[in-house]
There are 4 protein chains.
Amino acid sequence: MPASAGVRRRGAVRSEEARIAVLGATGRLFATQGYDHLTIEGIAAEAGVSKQTIYRWWSSKSAVVADALIEDKLLPDHPVVPDTGDIRADLIAWMQSLIDLVAQPGNDGLVRSLVAAACESPDIGTRLNDALGITATVSTRIEAAVAAGQLPADLPVMEFVRALVGGFVLHSLERSEPAPDIAERLVRALLH
Amino acid sequence: MPASAGVRRRGAVRSEEARIAVLGATGRLFATQGYDHLTIEGIAAEAGVSKQTIYRWWSSKSAVVADALIEDKLLPDHPVVPDTGDIRADLIAWMQSLIDLVAQPGNDGLVRSLVAAACESPDIGTRLNDALGITATVSTRIEAAVAAGQLPADLPVMEFVRALVGGFVLHSLERSEPAPDIAERLVRALLH
Amino acid sequence: MPASAGVRRRGAVRSEEARIAVLGATGRLFATQGYDHLTIEGIAAEAGVSKQTIYRWWSSKSAVVADALIEDKLLPDHPVVPDTGDIRADLIAWMQSLIDLVAQPGNDGLVRSLVAAACESPDIGTRLNDALGITATVSTRIEAAVAAGQLPADLPVMEFVRALVGGFVLHSLERSEPAPDIAERLVRALLH
Amino acid sequence: MPASAGVRRRGAVRSEEARIAVLGATGRLFATQGYDHLTIEGIAAEAGVSKQTIYRWWSSKSAVVADALIEDKLLPDHPVVPDTGDIRADLIAWMQSLIDLVAQPGNDGLVRSLVAAACESPDIGTRLNDALGITATVSTRIEAAVAAGQLPADLPVMEFVRALVGGFVLHSLERSEPAPDIAERLVRALLH
DNA sequence: AGATAATCGAGACGGTACGTCTTGTCTTAGT
DNA sequence: ACTAAGACAAGACGTACCGTCTCGATTATCT
């Protein structure tokens with residue numbers, strides 16, 4: 001009968017070094033090449049790790065990406081939602097900074113890559129909202145507005161956030177011209 | 001003297017038969033295998049057409065898919081938006097039928113496939129809204145509601161629609177449990 | 001009134017211009033790219049002629065090449081065999097000039113290309129000897145030597161020539177170092 | 001302590017099984033289809049091996065063929081040169097058996113295929129003489145004849161052999177009628 | 001003058017094979 | 001035990017030519 005606590009199993013332990021190298025390499029390549037052109041072999045080479053080491057711990061490319069997403073290797077810092085008391089102005093400001101972020105050179109295609117990854121993997125899909133910084137910042141702000149009576153008490157916050165982010169995502173997929181007032185219009189579509 | 005306009009160039013003319021076979025095959029395979037597992041070789045084989053014939057007229061897999069999308073080979077019939085005078089009830093009904101549509105066996109992953117295609121191709125991205133039947137049916141209904149005074153006159157209709165569909169898309173990507181009231185909550189998030 | 005014999009058939013007549021363009025293009029491409037890399041499409045493009053025009057008059061690549069060979073489009077001028085009375089010296093001199101000819105830059109691979117063509121086509125095979133200028137010049141010289149009593153009367157001239165040229169061809173296929181006395185050794189192997 | 005010389009590198013070792021399968025398949029296909037119709041894809045399929053495995057170890061079709069040639073996968077057993085003391089009769093007998101060999105059904109085109117391969121590859125060219133069994137058997141017999149005083153002491157043996165085989169090769173390329181005394185005439189051209 | 005028949009260019013067509021790339025599994029040696 | 005290296009079977013990629021075919025224009029002969 002094994003000891004109740006952690007009977008450290010035999011053999012060498014998983015190399016934390018390798019794990020970090022893989023996730024770091026994934027982040028770097030994701031940023032430079034996008035999700036589609038990411039390859040397991042490329043990650044292994046960039047990380048200085050063997051393919052088998054990746055396959056041993058992750059089941060697929062998207063699993064690696066999902067992990068890298070969790071560990072914040074994939075994205076630049078998310079903008080935070082300001083809180084001036086004016087929920088509409090705050091959301092517009094936040095949406096604008098989100099748009100500015102992905103409009104920066106180098107960040108081109110970042111949303112597309114994330115969405116492509118989400119299409120492949122339920123894991124990433126689930127975390128897509130989080131990845132765009134929503135739960136942590138937007139939901140909180142919305143709930144504050146609800147509490148302040150600026151928004152109806154029965155507002156389905158999660159769906160509200162999804163609609164907001166979804167609108168942004170669809171806009172990104174269209175690669176349309178950067179209409180200057182898109183942030184304002186998008187927020188106004190929800191807050192009328 | 002020949003007709004003024006087309007100075008018909010020399011050489012054999014493009015085979016309409018081949019064009020149709022390719023788009024048809026694309027539609028069939030897209031439905032059964034999804035966008036990711038679609039291959040040019042597979043389409044060529046299914047269509048009874050040579051690869052070169054595909055590459056001669058389309059530049060990539062996504063270009064073929066975009067064309068098939070235009071020609072309505074990819075999607076089952078879109079639900080139409082009812083018009084009972086109650087904009088909220090109508091949108092909920094429409095959203096519910098959309099959800100039911102993609103919940104049907106065989107249509108699983110259809111939205112994911114479409115979005116994946118949109119990630120690869122600006123063309124498809126642009127048409128994604130149309131593909132989901134929006135411009136044709138939803139926008140019209142929204143505008144009617146605006147005209148009827150049920151929605152503010154300055155509502156940015158396009159963004160409203162994008163938010164609605166975007167919310168639906170993000171929900172689909174999450175593959176979450178089929179919450180029964182999701183249609184209602186999504187619409188209520190926008191119409192509060 | 002037309003010539004009595006030829007019941008000139010109806011329709012346009014074969015374009016001599018096209019025929020010449022094809023053979024000329026064949027010669028040019030054969031010289032620069034070798035037989036293997038010669039393509040019908042390449043010849044058609046170089047000649048400014050449609051593929052069908054080639055296929056209408058020639059059955060295959062090798063048929064075109066055979067024709068070009070006959071019309072002397074493929075080869076630089078063949079060296080002639082001198083006649084000083086000394087058959088051995090004459091053959092060595094001729095062989096040496098043959099070796100020098102194919103050693104010139106640009107003529108590299110010419111023999112290989114010819115032999116490759118001969119491997120594909122009986123026609124070209126038959127004419128390979130002729131192509132290397134043998135029948136016309138060497139045989140005559142040999143026969144003169146036979147007549148002069150320098151070579152046995154029952155010498156099988158054709159086989160003698162074949163052995164001489166065959167030795168040269170095998171030497172060319174080996175791409176060995178250009179041994180300076182190879183011409184002399186080759187002739188001495190036959191005239192001992 | 002490892003052996004001084006080969007510091008065995010890491011990773012899986014080359015599969016001898018695959019190597020043999022490839023050369024065997026090459027031999028089989030070469031015999032049935034000839035060099036021209038040999039394809040890498042065909043070899044891979046016949047050998048039950050992936051194309052990449054072939055491209056990893058050989059640079060081209062001709063390299064595979066050259067290897068198969070070395071390993072004697074391509075040719076039936078070469079006739080040996082008899083030694084009755086009569087060099088002329090022996091050579092005629094050998095040449096006749098060579099001619100008979102390639103005249104057998106199934107061996108048709110074997111010489112042409114070999115020569116075609118030699119045209120493409122210096123390697124094969126170099127080994128073409130060996131492939132026809134010359135160095136091993138003919139040269140030895142010739143040298144014996146030289147030693148016995150039947151042939152001049154300064155005879156360039158290599159060139160003599162090349163002329164003999166070259167004559168045979170040119171004869172084969174011509175696909176002429178099987179003259180019954182061709183072996184005798186060819187040898188007499190050299191031994192007069 | 002028309003009809004007929006063969007030419008020519010251009011180029012689309014279904015195919016085969018190329019050589020490269022990636023995937024996911026496996027084997028071997030080093031730590 | 002776990003890693004790095006790398007070979008392996010499978011199969012898609014996009015390209016190059018193959019040989020056949022269709023198109024419209026042109027040219028020549030026959031009625």
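With sequence neighbours excluded, the residues that form a side chain to side chain donor-acceptor pair (under 3.5 Å) with Ser60(B) are Ser62(B). By the salt bridge (Lys or Arg N to Asp or Glu O under 4.0 Å) test, Arg127(D) pairs with Asp123(D), sequence neighbours left out. Take Glu17(B) and apply the side chain to side chain donor-acceptor pair (under 3.5 Å) test, not counting sequence neighbours, and it matches no residue. Remark: Ser121(C) engages no residue in a side chain to side chain donor-acceptor pair (under 3.5 Å) (not counting sequence neighbours). Residues passing the side chain to side chain donor-acceptor pair (under 3.5 Å) test with Ser113(D): none are found, sequence neighbours excluded. In this structure, the side chain to side chain contact (heavy atoms under 4.5 Å, CB included) partners of Ser59(C), at least two apart in sequence or on a different chain, are Ala63(C). For Ala116(C), the side chain to side chain contact (heavy atoms under 4.5 Å, CB included) partners at least two apart in sequence or on another chain are Tyr35(C), Asp36(C), Cys119(D).
With rounding to whole Å, Ile54(A) atom CD1 is found 12 Å from dA4(F) atom C1'. Rounded to whole Å, the distance from CD1 on Ile43(B) to P on dA12(F) is 12 Å. Note: CZ (Arg10(D)) to P (dA5(F)) measures 6 Å, nearest angstrom. Rounded to an integer number of Å, the gap from Trp58(D) CH2 to dC18(E) P is 15 Å.
Annotation: proximity of residues 115-123 of chain C to DNA chain F (heavy atom, distance under 4.0 Å) is found for no residue. For the segment residues 15-24 of chain D, the set of residues with a heavy atom within less than 4.0 Å of an atom of DNA chain E is empty.
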How does each nucleotide of nucleotides 19-26 of chain E score, in 5' to 3' order, for protein heavy atoms under 4.0 Å: base (B), sugar-phosphate only (S), or none (-)?
BBBSBBBB
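Between Arg14(C) and dA6(E) there is no side-chain polar atom (N or O) within less than 4.0 angstrom of OP1 or OP2. Distances shown here put a side-chain N or O of Trp57(D) below 4.0 Å from the OP1 or OP2 atom of dC8(F). Residue Arg56(A) places no side-chain N or O under 4.0 Å from the OP1 or OP2 atom of dC2(F).
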Extract all donor-acceptor atom pairs below 3.5 Å that involve side chains of residues 39-47 of chain B and protein atoms in other chains or at least two apart in sequence.
residue: Thr39(B); atom: OG1; partner: Gly42(B); partner atom: N; Å: 2.8
residue: Glu41(B); atom: OE2; partner: Lys51(B); partner atom: NZ; Å: 2.8
residue: Glu46(B); atom: OE2; partner: Arg28(B); partner atom: NH1; Å: 2.4

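Within the model, atoms CG of Asp67(A) and OG1 of Thr26(A) stand 9.0 Å from one another, a figure rounded to the nearest 0.5 Å. Distance check, rounded to the nearest 0.5 Å: CH2 of Trp57(A) to CZ of Arg19(A) gives 11.0 Å.
Sorted by first and then second residue, the salt bridge (Lys or Arg N to Asp or Glu O under 4.0 Å) pairs involving residues 57-66 of chain D (not counting sequence neighbours) form an empty list.
Considering only the side chain of Thr53(A), dT3(F) comes nearest among dC8(E), dA5(E), dT3(F).
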